[in-house]
Amino acid sequence: MDRIIGIDYGKKRTGVAVSDPLRIFASALDTVQSAKIIEYLKTYCEKETVVTFVVGWPVNMDGTPSEAAADVRSFVARLTKAFPGIPVEMEDERFTSVLAHRAMIDGGMKASDRRDKSSVDRISAAIILQGWLDRMNGGINFAVPNQFVPGSLSDKLTGKHGRKSGRGDSSGAGKKKNKF
């Protein structure tokens, strides 16, 4: 099945993530020494069909390319040369390291394990890829029909009441809608 690879390129280490075959979810795959990343990707592409590479693009808070952008640009040139038939997409990687640390904490990872920078790199790659997948999927990566969503959660998500509450109009018309 077709896969999309997410890449968080760095001078020393590169985080790699992969999409599921339906292109809905990203999963952290591996952390590779940057000097060996092309070789790693070639080996991976022998086993799986990769249709797109999504590479994190390092930008400053004002949207201008950061110092690391030159390294990423050089890597992308090598990547496109090694894989001429696979398109390369760039995705803003601002805050991915912060989000990766937060995900590790929320996931219950021990502090000693969180200090392992390779974990941050591969989780960052998954965050980069998930952001791209979400954007390509219209900002929604999984839709659950309202009948499977608890009433209070459904109300918050849609701004509507799915059942009569005895408080008048159950359609939610005229009420302020909550947006997340």
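Below, all heavy atoms of this structure are taken into account, side chains as well, without hydrogens, waters or symmetry copies.
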Checklist outcome for this item: NZ of K12 to OG of S34, rounded to nearest 0.5 Å, is 10.5 Å

Checklist entry - Going from OG1 on T49 to CD1 on I86, what distance comes out if it is rounded to the nearest 0.5 angstrom? => result 9.0 Å

Next on the checklist: Taking ring-ring contact (aromatic ring centres under 6.0 Å, His included) as the definition, give me every residue that meets it alongside F75, ordered by chain and number, with sequence neighbours left out.
Outcome noted: Y9

Checklist entry - Which value, rounded to the nearest 0.5 Å, describes the distance between L29 atom CG and R122 atom CZ? => result 9.5 Å

Next on the checklist: A side-chain contact here means heavy atoms from C-beta on lying under 4.5 Å apart; do S19 and W132 qualify?
Outcome noted: no

Checklist entry - Cluster question for you: counting only ILVMFWY and a side-chain heavy-atom cut-off of under 4.5 Å, with indirect links fine, are F53 and I128 together? => result no

Checklist entry - What is the minimum heavy-atom distance between A26 and A126, and which atoms define it? => result CB-O, 3.5 Å

Checklist entry - Take atom CD in E48; do more than 12 heavy atoms of anything else shown fall under 6.0 Å from it? => result yes

Next on the checklist: Using only atom types and a distance under 3.5 Å, with no angle test, would you say the side chain of T80 pairs donor to acceptor with the backbone of V76?
Outcome noted: yes

Checklist entry - Do V16 and I5 have side chains that get closer than 4.5 Å, going by heavy atoms? => result yes

Checklist entry - With side chains defined as the heavy atoms from C-beta onward, is the minimum distance between R135 and E91 less than 4.5 Å? => result yes

Checklist entry - Is the backbone N or O of S27 less than 3.5 Å from a side-chain atom of Q130, with the two atoms forming a donor-acceptor pair by type? => result no

Checklist entry - Going from CG on D20 to CE on M1, what distance comes out if it is rounded to the nearest 0.5 angstrom? => result 9.5 Å

Checklist entry - Is there a donor-acceptor contact under 3.5 Å from the side chain of R3 to the main chain of V50? => result no

Next on the checklist: Less than 4.5 Å apart, side chain to side chain, heavy atoms only: is that true for R23 and D2?
Outcome noted: yes

Item to check | Within one Ile-Leu-Val-Met-Phe-Trp-Tyr cluster: L79 and W57, side-chain cutoff 4.5 Å | outcome: yes

Item to check | Rounded distance (nearest 0.5 Å) linking atom OH of Y44 with atom CD1 of I37 | outcome: 12.0 Å

Checklist entry - Is there a path from M90 to V51 through hydrophobic residues (I, L, V, M, F, W, Y) whose side chains come within less than 4.5 Å of each other? => result no

Next on the checklist: Check for me, please, whether V54 and F83 land in the same ILVMFWY cluster - side-chain distances under 4.5 Å, paths through other members count.
Outcome noted: no

Next on the checklist: Can you list everything that forms a side-chain hydrogen bond (donor to acceptor under 3.5 Å, both in side chains) with N60? Sequence neighbours excluded, please.
Outcome noted: T64

Next on the checklist: For the CD1 atom of I7 and the CG atom of D121, what is their distance to the nearest 0.5 Å?
Outcome noted: 12.5 Å

Checklist entry - Any side-chain heavy atom of I24 sitting closer than 4.5 Å to one from L133? => result no

Checklist entry - Do any N or O atoms from the side chain of D8 and from the backbone of G15 form a donor-acceptor pair under 3.5 angstrom? => result no

